[in-house]
Amino acid sequence: MQAMQTDLISEELRNRFEGATRVLVLTGAGISAESGVPTFRGGGNTAVWKGMPFDVISSARMVERDLPAVWEWFDYRRSLLQTLQPNPAHYEIARWADLFPEFTLVTQNVDGLHRTAGSREVIELHGSVWRARCLSCRTSYEILPHEQRLANCAGCGSYLRPDVVLFGEMLPPGAFEAAAEAAAACELCFVIGTSALVYPAASLPEIAKAAGAYLCEVNPERTPLSAICDEVLTGKAGEVLPLIGKS
Ligand code: APR
Ligand code: ZN
């Protein structure tokens, strides 16, 4: 198993990995699948809550209509997550941050597992289930595992909502712009565990490719992005990533 897998990585990718200065990594739900976090579409089991598809319960409209129901869904997700651990893919990416002078980690995940694995700088494009935000003054509050979360803003008293980008909402100000800038400047771009269907996140590898970066996808399944990749590593992130930096 080990030998065959190592050959999965091309000499080209090894050389570029060795010599790169500016590297961008974009991750999606698939990187957390081996930790037991359900994905949304491909590969792992799909999330439905009390008969409601995730894009209904996780929507701006539901915050207006029934904020307690939205919190119930996110409280459930946090209760699941606090029992789960990062997997080798998360730890490998945390290690990569110290290998390259300019390393940018962008995630679509709201599970916080990159931070738990030791990644200090993470552009969380879709927010985090470990934060709440005031509906009025937008102040955000950290939610700690195993602790009761605040219901109201300590500053203005308004209700708090999950600090997660819900369906029908824009990304947090500045997050995508910072990611797009790094994508346009990187030499090597890894796309790991995403179906590459949700924009604008899915445009980041396209920006990197158009700017001349070497594009490498890691996914057990093909995605709409596979066709423009320089290298497609078919497999699970937790098994494939530790092989990339190995000589
Ligand atoms: N390693 C790598 N990739 C995996 C693994 C694994 N072990 N298991 C599954 N995958 C792949 C699947 O093949 C699929 O292509 O991960 C991808 C998961 O795709 P989605 O469930 O669509 O997740 P993602 O791309 O992150 O979704 C984007 O959509 O629902 C919204 O806001 C939500 O951030 C999410 C966004
Ligand atoms: Zn407030």
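Every number for a ligand or one of its atoms is a count from 1 in the order of the listing.
Nearest heavy-atom pair across A183 and L204 is CB-O, 3.6 Å.
The residue among A29, A237, G30, G238 with a heavy atom at the shortest distance from atom 16 (O) of ligand 1 is G30. Nearest-heavy-atom check against atom 18 (C) of ligand 1 across A89, G193, A196 picks out G193. Distances from atom 22 (O) of ligand 1 to the heavy atoms of G127, S32, S195 put S195 nearest.
None of E12, E187, E231 except one satisfies the side-chain hydrogen bond (donor to acceptor under 3.5 Å, both in side chains) rule with Y214; the exception is E231.
Close approach of ligand 1 to E34 (heavy-atom distance below 4.0 Å) involves ligand atoms 1 (N), 6 (C), 7 (N). Annotation for ligand 1: atoms under 4.0 Å from non-hydrogen atoms of E221 are 13 (O). Short contacts between ligand 1 and A33, defined as distances under 4.0 Å to a heavy atom of the residue, involve ligand atoms 8 (N). Using a 4.0 Å cut-off to heavy atoms of G28, the atoms of ligand 1 that qualify are 26 (O). In summary, the atoms of ligand 1 found under 4.0 Å from a heavy atom of F54, numbered by their order in the structure, are 30 (O).
Using a 4.0 Å cut-off between heavy atoms, Q108 contacts ligand 1 through both its backbone and its side chain. At a 4.0 Å heavy-atom cut-off, ligand 1 touches F167 through the side chain alone. Contact annotation for K236 and ligand 1: heavy atoms of both the backbone and the side chain come within less than 4.0 Å of the ligand. Of the heavy atoms in T39, both backbone and side-chain atoms come closer than 4.0 Å to ligand 1.
Counting only heavy atoms from C-beta outward, the side chains of T27 and H90 never approach each other to under 4.5 Å. For the pair V70/R65, no side-chain contact is recorded, criterion being any heavy-atom separation below 4.5 Å from C-beta on.
Seen from the Zn ion (ligand 2), atom SG of C134 and atom SG of C153 lie 110° apart in angle, a value rounded to 10°. The SG atom of C137, the Zn ion (ligand 2) and the SG atom of C156 define an angle of 120° (nearest 10 degrees).
By the 6.0 Å and 45° rule, R149 stacks over the aromatic ring of W71.
Linking ILVMFWY residues whenever their side-chain heavy atoms come closer than 4.5 Å, directly or via other members, places V191 and L171 in the same cluster. Neither V110 nor V106 shares a network with the other; the hydrophobic side chains, linked directly or stepwise wherever heavy atoms of I, L, V, M, F, W or Y lie under 4.5 Å apart, form separate groups for each.
Enclosure of atom OH in Y159 is not indicated, since only 12 or fewer non-hydrogen atoms of other residues, nucleotides or ligands lie within 6.0 angstrom.
Looking at N219 next to ligand 1, an N or O pair under 3.5 Å apart turns up. Close N/O approach between T194 and ligand 1 is found [any backbone or side-chain N/O within under 3.5 Å]. Where the criterion is an N or O separation shorter than 3.5 Å, residue side chain and backbone included, V218 fails it with respect to ligand 1.
Here F17 and W96 bring their ring centres to under 6.0 angstrom of each other.
Note that CG of D55 is 11.5 Å distant from CG of L166, once rounded to the nearest 0.5 Å.
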> Checking side chain to side chain contact (heavy atoms under 4.5 Å, CB included) for the pair R77/S58: CA distance, chi angles, key distance, verdict?
Replying inline: CA-CA 12 Å; R77 291 178 73 181; S58 281; 4.2 Å; yes

